[in-house]
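Below is one structure, written out as structure tokens; comments come after it.
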Amino acid sequence: LVTGLSLLHSSTTKMAGGAKKKWSKGKSRDKLNNAPLFNKESYEKLLKEIPTARLITPSTVSDRLKIKASLARRAIDELLQKGLIKKVVQHHGQMICTRATA
């Protein structure tokens with residue numbers, strides 16, 4: 001019985017191949033270099049392009065204009081005050097807006 005166990009153990013180690021598993025380093029993401037403040041071009045783009053978009057969230061504004069999400073939230077608040085967009089729903093930190101239709 002003891003010899004049977006040692007035979008079983010030796011056969012399983014041979015099947016494993018003996019080489020250690022190589023661990024992957026994981027997927028790396030590129031660091032976003034989004035602007036913390038508006039420059040003239042990005043502010044004009046905000047006023048021109050964002051009010052015509054069908055879905056307006058801080059994420060989409062941040063991605064399109066390459067600005068930080070905190071700045072995108074303030075920009076959406078400004079567009080809401082000007083009446084260029086309208087709020088659909090607000091849930092905790094995420095707000096969803098759409099273009100204002102006449």
Establish, yes or no, whether the cationic atom of Lys21 lies under 6.0 Å from the six-membered ring centre of Trp23 and within 45° of the ring axis. yes
Point-to-point distance, once rounded to the nearest 0.5 Å, from NZ of Lys31 to CG of Asn34: 9.0 Å
Would Phe38 and Leu47 show up in the same hydrophobic cluster when neighbours are defined by side-chain heavy atoms closer than 4.5 Å? yes
Are Ile56 and Ile96 close enough that some pair of their side-chain heavy atoms sits under 4.5 Å apart? no
When rounded to the nearest 0.5 angstrom, what distance separates CD1 in Ile67 from CZ in Arg73? 10.5 Å
Between CZ on residue Arg64 and CD1 on residue Ile50, distance to nearest 0.5 Å: 5.0 Å
Heavy-atom pair with the smallest gap, counting every atom of Val88 and Thr98: CG2-CG2, 3.7 Å
In short, Ala100 meets Gly83 closest at the heavy-atom pair CB-O, 3.7 Å
Taking the side chain as everything from C-beta on, heavy atoms only, tell me whether Cys97 gets closer than 4.5 Å to Leu80. yes
Taking all non-hydrogen atoms of both residues, which atom of Leu55 and which atom of Thr60 are closest, and how far apart? O-OG1, 3.8 Å
What I'd like to find out is whether the side chain of Pro51 reaches to under 4.5 Å of the side chain of Arg99, using heavy atoms alone. no
Shortest non-hydrogen pair, Lys86 vs Thr101, comes out as NZ-OG1, 4.2 Å
Residues Ser59 and Ser62: side-chain donor-acceptor under 3.5 angstrom: no
Does some side-chain heavy atom of Leu79 sit less than 4.5 Å from a side-chain heavy atom of Leu46? yes
Between Glu78 and Lys82, is there a salt bridge with N-O shorter than 4.0 Å? yes
CG (Leu65) and CG (Leu71) are apart, to the nearest 0.5 Å, by 8.5 Å
Closest non-hydrogen atoms of Met95 and Pro58, given as atom of the first, atom of the second and distance, are O-CD, 3.5 Å
Modelled atom types, side-chain donor and acceptor of Ser42 and Asn39, under 3.5 Å: yes
To check you understand the geometry: which heavy-atom pair defines the closest contact between His92 and Gln90, and what is its length? O-NE2, 3.0 Å
